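First the structure, in the form of structure tokens, and then the observations on it.
Here the structure is a predicted model, which is why all the values come from computation and not from measurement. A, B, ... follow the sequence lines: proteins, then strands. Residue 1 opens every chain.
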Amino acid sequence: MMRLGVILLALTTAACGSYAPSMKRDFAPGITSESQRRHAGLEMPPTEADSTRAVAVRHTVAPEVLLTEADRKIIFNGGLMLQVADADAAEKEIRRAAEAVKGWIHKIDGPTFTLRIPAAQFMATMETVAKLGRVLDRKIAGTDVTEEYKDLQLRLENAEKLRTRISALLEKTKDVKEALEVERELSRVTEEVERLKGKLNAMNDAVTYSTVVVTLQRSAAPAKAAAAPRYPFAWVRALGLESLMDVRER
Amino acid sequence: MKRTAILLLTLAACGGIPMKPDGCPAEFVAVDRGPYEWRVMSARGTVVARREFRKQRDETLDFVATVTRREFEEARGYAFVKEEQLVNGTAMLFSAGDAASYLVAVFVTDAAIITVEAGGPKEAFETDEAAIRAWIAKMKP
């Protein structure tokens with residue numbers, strides 16, 4: 001009995017001992033990875049090895065490529081506050097912009113739209129949506145969760161290995177008391193495996209699809225005619241729906 | 001037969017029979033030109049027309065596009081929806097209340113300002129919009 005307790009303790013400690021410390025880095029709005037920070041011309045203290053590469057990146061790599069760096073796990077979040085004259089038309093265009101890149105409107109809360117956009121299309125979609133009105137506020141943030149992701153993967157692997165070992169131990173138990181104790185431990189580790197899997201899936205989802213929150217603000221009524229520009233150009237005065245739609249029978 | 005063809009062409013050239021412009025989507029037919037170079041209409045009621053103005057000043061595309069947008073937004077109360085860059089041109093979509101949509105593409109050459117307008121009831125316009133945009137995108141000023 002004493003021996004079993006020692007074995008369980010040893011197994012658990014071994015599994016826990018290999019956990020890497022969780023590390024999460026938040027970048028300032030508009031800045032994503034370190035390479036993007038360099039791309040944007042906002043220098044980080046360069047490491048010796050990176051200094052040459054950083055220059056090359058700045059001049060030759062498109063932002064989309066930086067966004068999908070396979071070796072980094074970055075969660076992108078963006079926010080736009082737009083002043084628009086026609087909120088209904090803007091909503092349709094927002095929906096089109098999301099669907100055009102295989103994204104979707106995740107939530108609508110009054111004038112606020114939460115979009116989920118494939119990470120590789122994040123910046124392009126931000127730009128498309130920003131053109132729908134006057135930008136009152138814009139936020140872009142990237143959180144590098146690579147270390148946290150790797151840590152979770154490692155913890156999951158270890159928990160799964162531990163579960164296998166405990167299962168094997170269960171077969172070797174000699175009495176009911178021992179079996180119950182091992183089963184209790186097995187149940188705890190299984191729960192841990194499921195919890196870690198859930199966390200990893202959620203993180204994968206957040207990395208794969210960026211979140212863009214768009215808030216629309218209806219602009220004031222159209223400017224009064226008195227304050228409006230009066231252009232002395234025939235071509236602009238000739239434009240408009242009234243003349244266009246005035247089709248006569250011939 | 002040959003005489004009929006010549007007569008039809010002559011009439012068309014004189015403005016007797018409206019002619020469909022190149023690249024016009026099949027769902028549009030030519031209608032009364034009015035002050036335009038040509039004007040076409042879909043069964044849903046969307047109208048597209050082209051006009052050319054001789055350039056009297058040295059307006060750039062940016063100037064013409066800005067004037068157009070401000071004129072419609074500020075002087076006429078249209079709501080700006082979006083803008084798209086074309087080859088030598090800019091297309092702007094406006095909403096005229098809940099009832100109508102209006103798209104204007106402006107092109108600038110050394111000698112002329114060319115406008116292509118499209119408009120109609122909102123729902124009809126939305127149905128025809130993709131075909132109109134594809135057509136306008138291929139236009140050469």
### Task
Please indicate whether B:D22 has more than 12 foreign heavy atoms, meaning atoms of other residues, nucleotides or ligands, lying under 6.0 Å from its CG.
no
### Message
Check this for me: does any side-chain nitrogen of one of B:K122 and A:D86 sit under 4.0 Å from a carboxylate oxygen of the other?
### Response
yes
### Message
Please classify the contact between B:Y36 and chain A as side chain, backbone, both or neither, with a heavy-atom cut-off of under 4.5 Å.
### Response
side chain
### Query
Is the number of heavy atoms from other residues, nucleotides or ligands within 6.0 Å of CG (A:N201) greater than 12?
yes
### Message
When you compare the side chain of B:K82 with that of A:K131, does any pair of heavy atoms fall below 4.5 Å?
### Response
no
### Query
Any side-chain heavy-atom pair from A:W235 and B:V67 closer than 4.5 angstrom?
yes
### Message
For B:E37, is the CD atom crowded, meaning more than 12 foreign heavy atoms sit under 6.0 Å from it?
### Response
yes
### Message
For B:V104, which atoms come within 4.5 Å of any heavy atom of chain A: side chain, backbone, both, or neither?
### Response
side chain
### Task
Using non-hydrogen atoms and a 4.5 Å limit, figure out which bit of B:T46 sits close to chain A: side chain, backbone, both or neither.
neither
### Query
More than 12 non-hydrogen atoms from neighbouring residues, nucleotides or ligands closer than 6.0 Å to CZ on B:R57, yes or no?
yes
### Message
Walk me through whether B:E71 and A:R237 qualify under salt bridge (charged side-chain N to carboxylate O under 4.0 Å, His left out).
### Response
CA-CA 9 Å; B:E71 166 75 13; A:R237 278 187 274 110; over 6 Å; no
## Note on the structure
Looking only at heavy atoms, the pair that brings A:A238 and B:F53 closest together is CB-CZ, 3.6 Å
### B:E59 portion near chain A, given a 4.5 angstrom heavy-atom threshold
side chain
### Message
Would you say that more than 12 heavy atoms from the other residues, nucleotides or ligands in this model lie under 6.0 Å from the CZ of A:R195, or not?
### Response
yes
#### Entry: Side chain proximity check, A:L239 to B:Y102, heavy atoms < 4.5 angstrom
yes
### Query
Taking all atoms of both residues into account, what is the closest heavy-atom pair of B:G120 and A:M245, and its distance?
CA-CE, 3.7 Å
### Message
In the structure I gave you, are the side-chain heavy atoms of A:F233 and B:V64 within less than 4.5 Å of one another anywhere?
### Response
no
### Task
With a 4.5 angstrom heavy-atom cut-off, could you sort out which part of B:A96 is near chain A: side chain, backbone, both or neither?
side chain
### Query
Is B:R39 reaching over with its side chain to a backbone N or O of A:L244, donor-acceptor style, under 3.5 angstrom?
yes
### Contacting region of A:S243 [heavy-atom separation from chain B under 4.5 Å]
both
### Query
Step by step, would you call B:E129 with A:R96 a salt bridge (charged side-chain N to carboxylate O under 4.0 Å, His left out)?
CA-CA 13 Å; B:E129 188 180 350; A:R96 275 189 202 175; 3.7 Å; yes
### Message
Under 4.5 Å from any heavy atom of chain B, what part of A:V84 do you find: side chain, backbone, both or neither?
### Response
neither
### Query
Crowded around B:Q85 CD? As in, over 12 foreign heavy atoms under 6.0 Å?
yes
### Message
If I compare all heavy atoms of B:G119 with all of A:L241, which pair ends up nearest, and what's the gap?
### Response
CA-CD2, 3.8 Å
